[in-house]
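For reference, the structure discussed in these notes is given below.
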Amino acid sequence: MPTLLAAKDPTDVLDDLKPAGPKATVLDPAKAHLGKTIKNERQLIRARFSPDGVHLAAAGLDKIIHVWEVETEKKHTLPGHVTWVSALVFNPKGKQLFTADFHGNIRAWDYAKPDSQPLFTITGADRQITRALAVTTDGALLLSGGDDGVVRAWSTKDGKPAKEFGTALTTPVWQRVFKAGEAGHCGGIYALAVHPDGKSFVSGDQFGVVKHWEIASGKLVRDLDARLLYTRKEDFIADVGGVRCFAFDAKGERLATGGLSKAESNAFCPGTPAVLVFDWGTGKSLTELKLTVKSDGPINGLRYLSDGTLAGFGEHQSAATVCAFWKPADKPEPFHTVSAQSATDLDLHPDGQRLVAPLFVANGSGGNGAREKFKDKYVQNSSQIAVINLFAKVDTKPVKKA
Amino acid sequence: MKRWYECGSADHALSRRQMLGTLAGTAAVGACGLSSLMQQTVAAEMKKQNRQVIFIWLDGGMSQFESWDPKPDSEFGGPFRTIPTSVPGVHISELMPHSAKLMHHLTVVRSMSTKDPNHSTGVARIQRGDPANRGVNYPYLGAAVTKLLGAPANGLPPYIWIKPGSGGFIYQEAGFLGAKYGALALGEGKPPIHIQRPDTISDADDAARNELRRLANARFRLDRRESEVDAYEQSYDMAMQLMKRKELFDNSRLPAKDIARYGTHPLGRHLLQARVLLEAGVQFIKVTSYHWDTHGDNFNMSQQLVPQIDQPFAALIQDLADRSMLDNVLVVLMSEFGRTPTINSRLGRDHWPDAWSLALAGAGIRRGNIVGQTTKNGAWVEGEGYDVGHLFHTIFSALGINSKKIEYKNNGQPLPIARDDYEPIKLALA
């Protein structure tokens, strides 16, 4: 059983999941480094800290919800879903965790109680796959988005429908076509984020369109153009990319969107990991951030740190990639990177001192068959939850006496 | 029912030479029951010659987990559900709702187990029947079938390949059979360019220029390999034939309902074009779709890709059934391999020849049938697996070609038409 506090390296005393506490040094993203990792038998898609920083939850292909109590190292599970978990979000104002799956079902959990049953289930919330969840800053509404292009708001109290943003798409996913200036999304929704002022939120779709909605009125305020994150070349037979993640800065003055630009095919889907930073006031794209190392998949997670640094993490085919740290106002290249395997999400601990990401782990069975000779050793790939510490390593080696 | 694409009465007629050959062969059997035997043999020969094939190739490898052999409850299964089909107890992926309704017409082989994990060698190897290093360039399936069945005298190219991109005469597919057995490729399903003769050229002028071309060819042939000239002449003759059948490419004649049923995407358009050409009597049609090699983002891609074959494939099967053509037309839907059980760092699936699925329907094929099975986690074939050699024997058997007895002759060298160490997949045959 994984333990959160078992040090990977005896000198690495701060590399645990506990809130940083008195030992913590000053936030220094330029010295960010990989800390503790926790293995999981199956691949994970999402990993998030609870708003009070006491718990960490993760879920993915094994359908169950894994919850770690950070301080006590205890782990428990929640029954989860009947298919892969696609999204996971905590209620910032309560002890609720919401999870969604690839069949369009959403469940609410009292996550601190081991093996507890769902508080409520919303069945078929979003036609086909529910891909994104968010909770309003007052904790009253759960937002969900998925394949039918509508953002639905649900009461966090009982899961009853409260509001809809946009009109449900009826054409199948593969037959959809982008049209500029539509009142709702033309494609499936991949990402959601609530603005820090609590009055509005953004939804991002498969075509790279970001829509800014007013929560109270349900009105569409404007579109932001993140079309760079979408590719459909003439010889493609599918849409590639889409807005995969969002992050607002603390003041709500900047919105970062992550994904993949310049895809070269709809098969391998290789492209250029890309981040677009928007000025929230004008809605204009200010900069396109890049990686300086080879990586071919989308940026799947973004988080602003308290000093204005933007952290981003994504995927790479069959090789390591990086968690990148940018000063978006300074230059498009990261000022620091931490090498690691592909990540499908990224979250920041409430203490602001560490990030967490579910990383891909290859178990020697990757790549093309034929594998008949290695039948007995053929096993699934897995994940590890990785902590990225946002401060310098502390050298605890004893000082030699003169 | 006479179809509007059908041309004159010469369609599907046995040639005089074939008839005499058949009768001579029958006479050798002996006097006893000669009349009856002759009738049976002629009937069998006529039936064989009427056989047609549509070979649908999803280049790159469709995921069996997201199509014919879903395992949602296993460690390797994807997030999609299974749905019941028209055959009780048989379930396939929810991404194939149209095909599910027509499962009673299909055989799905879930126990393909092949050797080659690479596209570069796998595509040619599979479409040539994996001839096992015979030292010669074996023909692709389309060339083989048109050679073995004998082209019908209907004035149409026997082997047409509908594909994305550019077209042309692809003589390389003929292998050692010689260039004339190559494929006429219709890029984007469109006829060869210049198919329409300008009005300014009269019939007489056209005949005169063709005569000049023939004379030039004869001279050109004198000091060159026959195959080169054959390829040129064959492509020209095919273009000439198609010039007389312009209506086959006139999409304004297609019912709007059919266009909607097949879909306006490339596979939809190309399979509808294929149906038109099958109705006209083209003997072998290959339809290729590229970009199924979902190493990255397999599940989002499958959600978009699999319905693109499901809808027009089901429309085609339904149309062939409605037109009573399924008894004569063999339908093959396959890739060069399946996709890995394991899911990689880009949430993709890689190449997996060890255990994968394909679908067959129509002439000589058992209906409402699942052949073979994979292990609970979908990674391996449980029981007997089938290689490409088995598949080629099965295809030839379904077409009435005795693949265990008939051989090619290449410069006097006898060569098996399918791997002589394999047998047909009997469970797939009617």
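Labels below follow one simple rule: chain letters A, B, ... track the order of the sequence lines, proteins then strands, and each chain is numbered from 1.
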Out of B/Met301, B/Arg349, B/Gln303, B/Glu94, return the one with the most heavy atom pairs under 4.5 angstrom to chain A.
B/Gln303

Part of A/Asp62 lying under 4.5 Å from any heavy atom of chain B
neither

Could you have a look at B/Gln308, B/His295, B/His265 and say which one has the most heavy-atom pairs with chain A under 4.5 angstrom?
B/His295

Atom group of B/Asn377 that falls short of 4.5 Å from chain A, counting heavy atoms:
neither

Give, as side chain, backbone, both or neither, the part of B/Pro72 having an atom under 4.5 angstrom from any heavy atom of chain A.
backbone

Using non-hydrogen atoms only, which part of A/Leu61 is less than 4.5 Å away from chain B: side chain, backbone, both, or neither?
side chain

What residue, out of B/Gly78, B/Ala379, B/Gly263, has the most heavy-atom pairs lying under 4.5 Å from chain A?
B/Gly78

Relative to B/Tyr262, does B/Arg269 satisfy both conditions: NZ or CZ under 6.0 angstrom from the six-membered ring centre, and within 45 degrees of the ring's axis?
no

Crowded around B/Lys376 NZ? As in, over 12 foreign heavy atoms under 6.0 Å?
no

Is any NZ, NE, NH1 or NH2 atom of the basic residue among B/Lys115 and B/Asp130 found under 4.0 Å from an Asp or Glu carboxylate oxygen of the other?
no

Given 3.5 Å as the limit, does a donor-acceptor pair link the side chain of A/Thr123 with the main chain of A/Asn105, or not?
no

If the threshold is 4.0 Å, N to carboxylate O, is there a salt bridge linking A/Asp101 and A/Lys63?
no

Largest heavy-atom contact set with chain A, pairs under 4.5 Å, which of B/Asn344, B/Asn118, B/Val381
B/Asn344

Chain B shares the most heavy-atom pairs under 4.5 Å, among A/Gln380, A/Glu234, A/Lys375, with A/Lys375

Ion pair B/Asp297/B/Arg346, N-O distance below 4.0 Å
no

Check each atom of A/Val379 against the heavy atoms of chain B and say whether the ones under 4.5 Å are side chain, backbone, both or neither.
backbone

Checking heavy atoms, do the side chain of A/Ala362, its backbone, both or neither come under 4.5 Å from chain B?
neither

Given that the side chain runs from C-beta out, which part of A/Gln317 has a heavy atom under 4.5 Å from chain B: side chain, backbone, both or neither?
both

Heavy-atom count check: over 12 atoms from other residues, nucleotides or ligands less than 6.0 Å from A/Lys233 NZ?
yes

When the 4.5 angstrom heavy-atom criterion is applied to B/Ile343 and chain A, the contacting part is both

Ring centres under 6.0 Å, that's the criterion: do B/Trp352 and A/Tyr378 meet it?
yes

Using only heavy-atom distances, determine whether the side chains of B/Glu382 and B/Gln373 contain a donor-acceptor pair under 3.5 Å.
yes

Which bit of A/Gln175 comes within less than 4.5 Å of chain B, counting heavy atoms only: side chain, backbone, both or neither?
side chain

Who wins among A/Val82, A/Ile45, A/Asn381, A/Asp239 for the most heavy-atom pairs under 4.5 Å with chain B?
A/Asp239

Against chain B, label A/Asn300 side chain, backbone, both or neither, depending on which of its atoms sit under 4.5 Å from a heavy atom there.
neither

Side chain, backbone, both or neither: which part of B/Glu188 has a non-hydrogen atom closer than 4.5 Å to chain A?
neither

Could you please spell out the steps behind the ring pair (Phe, Tyr, Trp, His ring centres under 6.0 Å) verdict for B/Phe80 and A/His103?
CA-CA 8 Å; B/Phe80 300 110; A/His103 293 176; 8.3 Å; no

Where on B/Thr264 is there a heavy atom nearer than 4.5 Å to chain A: the side chain, the backbone, both, or neither?
neither

Answer whether the closest heavy-atom distance between the side chains of B/Pro117 and B/Pro353 falls below 4.5 Å.
yes

Among A/Phe236, A/Phe102, A/Phe360, A/Trp84, which residue has the highest count of heavy-atom pairs closer than 4.5 Å to chain B?
A/Trp84

Salt-bridged, B/Asp258 to B/Arg275, with N to O below 4.0 Å?
yes

